[in-house]
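These notes concern the structure reproduced below.
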Amino acid sequence: MKIKRKIGLGIVLLGLVASISWFLSTRNFDVLQPKGQIAEKQLDLIIFASLLSLIVVIPVFALTFFIAWRYRASNHKAKYSPDWDHNRYLETIWWGVPLLLILVLSVVTWRTSHELAPSKSLTAEKRPITIQVVAMEWKWLFIYPEQKIATVNYVEFPKQTPVKFEITSDAPMNSFWIPQLGGQIYAMTGMSTKLHLMANEEGEYNGVSANISGDGFADMRFIAKSSSEADFDKWVTTVKTSPTKLNSTEYAKLSVPSKKVPASFYSNVENDFYQTIVMKFNLPTLETGSKQPEKENDRADQNYSGGHH
């Protein structure tokens, strides 16, 4: 009878493992399919932490089922030991092992927090490209200061090229995230945070908002496309022919809250447009004699540099 129960329990466990494996294989989890240098290292960290946690998780679940079965009310053979309240050897194990795991995770977290810091530039043969990001209600505005163009809910960049995202908000606090390329980082009014990413190959990746910001949050999505350098140059040339220019008048129209906004393109962006958006929330502090906005922005980069994790 005991053998049949063990076989039954084994079948249940195998079925559970098979079900979980099937579920994961049939779902498209972007964070488990990295296409960028940062995202690959983050996946390694996720796998390492998960496997390390199983050292505690598996014995705990196994003991839970064992104790529930062994000391069930109908099992009169189970030994009743009301005075057995502790065992130094067992307590050393169930306190010592978790403490050791926490110590290992602490060291790994400290090291990777510095290695994968969002504000840390990436090393590559190609010259980095700068893209400025503005979180709006409920859409994303991308400004290319060097190319003098802008887009809404669509961003393109060359593959194997470091991309420096400068991120702010002209709406409620938000969070910028391209899961297959790297971690998220916050977008805040009056502040400019940095995020360095790089795509290893060509492709289109989902970009999302990772922070609830109102009624249109669920549809605040964009396409991030990694292309060849030649295709990127052609795309920039095409966008420059757009009849719509990004100026203060057009931006006022764009600032009106809207949902499910299709991709749109702007040519001839005014100089320092991004800085104007950031500074408009800092002007009152200048009038009252507070700290300069540049210092506030530098402090923001230090305080919110953990977005990769």
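This chain uses plain numbering: 1 for the first residue, then up along the sequence.
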[X] [atom1] to [Y] [atom2] distance, which is reported to the nearest 0.5 Å:
X	Y	atom1	atom2	answer
Asp170	Leu141	CG	CG	9.5 Å
Thr244	Asn268	OG1	CG	11.5 Å
Leu100	Leu52	CG	CG	8.5 Å
Asn153	Lys260	CG	NZ	13.0 Å
Gln147	Thr130	CD	OG1	8.5 Å
Gln275	Ile143	CD	CD1	8.5 Å

Shortest non-hydrogen contact from [X] to [Y]?
X	Y	value
Val31	Pro179	CG1-CB, 4.1 Å
Ser242	Phe265	OG-O, 3.0 Å
Asp215	Trp138	N-CZ2, 3.5 Å
Gln160	Lys126	O-CD, 3.5 Å
Leu54	Pro59	O-CD, 3.6 Å
Met136	Met220	O-CE, 3.2 Å

Between [X] and [Y], a side-chain donor and acceptor under 3.5 Å:
X	Y	value
Ser213	Asn174	yes
Glu40	Asn200	yes
Tyr186	Ser169	no
Glu166	Ser192	no
Glu156	Tyr154	yes

If only atom types and distance count, is the side chain of [X] paired as donor or acceptor with the main-chain N or O of [Y] below 3.5 Å?
X	Y	answer
Thr168	Met191	yes
Ser175	Gln184	no
His196	Lys164	no
Arg111	Val108	no
Asn211	Met173	yes
Ser228	Asp231	yes
Gln180	Gln33	yes
Asp219	Lys259	no

Salt bridge or not between [X] and [Y]? Use side-chain N to carboxylate O under 4.0 Å.
X	Y	answer
Lys159	Glu202	yes
Glu250	Lys245	no
Lys139	Glu137	no

Next on the checklist: Please determine whether the number of non-hydrogen atoms from other residues, nucleotides or ligands lying under 6.0 Å from atom CD of Glu125 exceeds 12.
Outcome noted: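 At most 12 heavy atoms, drawn from other residues, nucleotides or ligands, come within 6.0 Å of this atom.
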Next on the checklist: Can you confirm whether Ile212 is buried at CD1, in the sense that more than 12 heavy atoms of other residues, nucleotides or ligands lie under 6.0 Å from that atom?
Outcome noted: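 For Ile212, atom CD1 is not crowded (no more than 12 foreign heavy atoms under 6.0 Å).
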What I'd like to find out is whether the side chain of [X] reaches to under 4.5 Å of the side chain of [Y], using heavy atoms alone.
X	Y	answer
Asn75	Tyr71	no
Ser226	Phe157	yes
Thr193	Met188	yes

When clusters are formed by joining ILVMFWY residues with side-chain heavy atoms under 4.5 Å apart, either directly or through shared neighbours, do [X] and [Y] land in the same one?
X	Y	answer
Val133	Phe217	no
Ile46	Val57	no
Leu45	Ile55	yes
Val104	Val56	yes
Leu63	Ile58	no

Checklist entry - Which residues satisfy the ring-ring contact (aromatic ring centres under 6.0 Å, His included) test with Tyr251, sequence neighbours excluded? => result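 ring-ring contact (aromatic ring centres under 6.0 Å, His included) check on Tyr251 returns Phe273.
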Next on the checklist: According to ring-ring contact (aromatic ring centres under 6.0 Å, His included), who are the partners of Phe176, at least two apart in sequence or on a separate chain?
Outcome noted: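 Phe176: ring-ring contact (aromatic ring centres under 6.0 Å, His included) contacts with Trp140, Phe165, Phe222.
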Next on the checklist: Run Glu270 and Lys148 through salt bridge (charged side-chain N to carboxylate O under 4.0 Å, His left out) and show every step you take.
Outcome noted: CA-CA 8 Å; Glu270 291 182 355; Lys148 302 294 182 182; over 6 Å; no
Checklist entry - What's the verdict on salt bridge (charged side-chain N to carboxylate O under 4.0 Å, His left out) for Glu201 and Lys35, showing C-alpha distance, side-chain angles and the deciding distance? => result CA-CA 7 Å; Glu201 58 187 66; Lys35 300 296 182 181; 3.6 Å; yes
Item to check | Worked check of side-chain contact (heavy atoms from CB on, under 4.5 Å) between Val261 and Val152 | outcome: CA-CA 8 Å; Val261 179; Val152 171; 4.1 Å; yes
Item to check | Among Leu181, Leu195, Leu122, Leu43, the one residue meeting side chain to side chain contact (heavy atoms under 4.5 Å, CB included) with Ile38 | outcome: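 Only one option passes, and that is Leu122.
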Next on the checklist: As a quick check of understanding, evaluate side-chain contact (heavy atoms from CB on, under 4.5 Å) for Ile149 and Tyr266, giving each step before the final call.
Outcome noted: CA-CA 6 Å; Ile149 62 173; Tyr266 300 86; over 6 Å; no
Next on the checklist: Run the side-chain contact (heavy atoms from CB on, under 4.5 Å) test on Val97 and Leu101 for me, step by step, so that the C-alpha distance in whole Å, both residues' side-chain angles and the decisive distance to 0.1 Å come before the verdict.
Outcome noted: CA-CA 6 Å; Val97 172; Leu101 295 182; 4.3 Å; yes
Next on the checklist: Could you walk me through whether Met198 and Val163 satisfy the side-chain contact (heavy atoms from CB on, under 4.5 Å) test, starting with their C-alpha distance in whole Å, then the side-chain angles of each, then the deciding distance to 0.1 Å, before giving a yes or no?
Outcome noted: CA-CA 6 Å; Met198 183 169 65; Val163 182; 6.0 Å; no
Checklist entry - What class does the angle between the rings of Tyr144 and Phe232 fall in, given that below 30° is parallel, 30 to 60° is tilted and above 60° is perpendicular? => result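 The arrangement is tilted - the two ring planes meet at 30° to 60°.
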Which pairs would a plain distance check flag for residues 234-241, meaning a side-chain donor or acceptor within less than 3.5 Å of a matching protein atom at least two apart in sequence or in another chain?
from: Thr237; atom 1: OG1; to: Asp233; atom 2: O; distance (Å): 3.0
from: Thr238; atom 1: OG1; to: Lys234; atom 2: O; distance (Å): 3.0
from: Thr241; atom 1: OG1; to: Thr238; atom 2: O; distance (Å): 2.4

